[in-house]
Amino acid sequence: MTEAIASCLDSLTASAPVWGFVLIFVFMAVESSFIPFPSEVVMIPAGFLAYRSGLTTGIPWLDLLLAIVCGLAGSMAGAYVNYYLAAWLGRPFLHKYGKYFFLKEPALDRAEEVFREYGELATFVCRLLPAIRQLISIPAGLSKMDFWRFSFFTALGAGIWTTVLAFIGWYFAHLAGDMSYLEMIERGKQLIHDNYIYVFIVLAILVAAYLFVHHKIMQRKESAR
């Protein structure tokens, strides 16, 4: 599937100077919703094109920044679709009819299980994990998680992810002379796979810091009573 998507998007690169940021927003919104779509095929080439002055402004650093902002905005839009659909349709509907919309019941069960165990923290962490990245917004909607807290933790995780992918593309553009669209994506995915241990280390540090701060705040509230 990645090859087919990459081939289609490769044909759109000629329009990148005019429609690049719009395309980044649209495809990242799709990726962040319930439709299976790999974010690597969008943000890695975006970083690549930014370095090569292939986006709208022609100023590499500004194009990179705008690509990340548009990617994050798209990710948030897709996450809101999942959140509100889940809140509106409810669990019985999703489990009965979700399979017709790429939402398989085992995946929904797993997302709910993770969310029940880790709550809002899962909304952040799971945005950096494959397979469950998009689905974690659904149990957040089902549980009617506070909208602003949902937005904050989703933006934090999605922002890190889009930035990492964009910088991988930037890095490849710096190194490579010629690289096909598909080769860029495959090498980017392999680079992420080979270095995921560092992602987990950073996540562990962030989670530990969050739990420590949360514990301190709760202690102060208890002592103030």
Side-chain angles (χ1 to χ4, degrees), residues 1-2 4-85 123-130 132-137 140 147-148 150-174 176 179-182 184-189 191-192 199:
M1 184 180 77
T2 300
I5 295 174
S7 178
C8 291
L9 293 183
D10 190 22
S11 65
L12 295 174
T13 54
S15 305
V18 177
W19 297 105
F21 296 129
V22 174
L23 294 173
I24 290 170
F25 173 84
V26 170
F27 286 121
M28 287 302 289
V30 172
E31 183 273 338
S32 192
S33 69
F34 53 84
I35 300 172
F37 191 93
S39 53
E40 293 87 348
V41 304
V42 181
M43 292 310 304
I44 293 177
F48 190 95
L49 289 171
Y51 184 90
R52 299 291 178 89
S53 301
L55 292 175
T56 304
T57 73
I59 304 171
W61 69 266
L62 181 57
D63 278 339
L64 179 67
L65 177 61
L66 291 173
I68 292 171
V69 170
C70 290
L72 173 58
S75 294
M76 295 302 294
Y80 288 146
V81 168
N82 282 0
Y83 177 90
Y84 281 113
L85 276 179
T123 306
F124 160 62
V125 173
C126 289
R127 295 298 307 190
L128 299 170
L129 301 178
I132 202 170
R133 182 180 302 124
Q134 302 91 335
L135 296 181
I136 198 61
S137 302
F147 175 79
W148 296 110
F150 169 77
S151 297
F152 173 77
F153 285 103
T154 299
L156 186 61
I160 292 173
W161 182 245
T162 54
T163 301
V164 167
L165 293 181
F167 270 100
I168 288 174
W170 181 277
Y171 171 73
F172 284 159
H174 171 71
M179 185 181 293
S180 71
Y181 199 96
L182 182 60
M184 184 198 320
I185 294 164
E186 292 298 333
R187 286 183 61 179
K189 290 169 70 175
L191 183 64
I192 294 169
V199 174

What's the shortest heavy-atom distance between [X] and [Y], and which atoms?
X: Cys70; Y: Phe21; value: SG-CB, 3.6 Å
X: Thr162; Y: Met43; value: O-CE, 3.9 Å
X: Tyr51; Y: Pro60; value: O-CG, 4.0 Å
X: Met184; Y: Phe172; value: O-CE1, 3.5 Å
X: Pro45; Y: Val41; value: CG-O, 3.3 Å
X: Tyr83; Y: Ala140; value: CE1-O, 3.7 Å

As an exercise, state the distance from [atom1] of [X] to [atom2] of [Y], rounded to the nearest 0.5 Å.
X: Leu156; Y: Phe152; atom1: CG; atom2: CZ; answer: 5.5 Å
X: Gln134; Y: Ser39; atom1: CD; atom2: OG; answer: 7.5 Å
X: Leu64; Y: Phe167; atom1: CG; atom2: CZ; answer: 5.0 Å
X: Ser32; Y: Leu135; atom1: OG; atom2: CG; answer: 10.0 Å
X: Ile136; Y: Asn82; atom1: CD1; atom2: CG; answer: 10.5 Å
X: Ile168; Y: Ile44; atom1: CD1; atom2: CD1; answer: 5.0 Å

Run the side-chain contact (heavy atoms from CB on, under 4.5 Å) test against Tyr84 and tell me which residues pass, sequence neighbours left out.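 Tyr84 satisfies side-chain contact (heavy atoms from CB on, under 4.5 Å) with Tyr80, Phe147 once adjacent residues are dropped.
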Between Ser137 and Met76, is a side chain to side chain contact (heavy atoms under 4.5 Å, CB included) present by the stated rule, with each step listed? CA-CA 10 Å; Ser137 302; Met76 295 302 294; over 6 Å; no
Okay, side chain of Ser33, backbone of Val30: is any donor-acceptor separation there less than 3.5 Å?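 Pair found, side chain donor or acceptor close to backbone of Val30.
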Using atom types as modelled and distance alone, determine if a side-chain donor or acceptor of Arg133 lies under 3.5 Å from a backbone N or O of Cys126.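 No; zero donor-acceptor contacts below 3.5 Å.
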Mind checking whether Trp161 and Ile192 have side chains closer than 4.5 Å, heavy atoms only?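 When only atoms from C-beta onward are counted, Ile192 and Trp161 do touch, with a gap below 4.5 Å.
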Please step through side chain to side chain contact (heavy atoms under 4.5 Å, CB included) for the pair Leu66 and Leu55, ending with a clear verdict. CA-CA 10 Å; Leu66 291 173; Leu55 292 175; over 6 Å; no
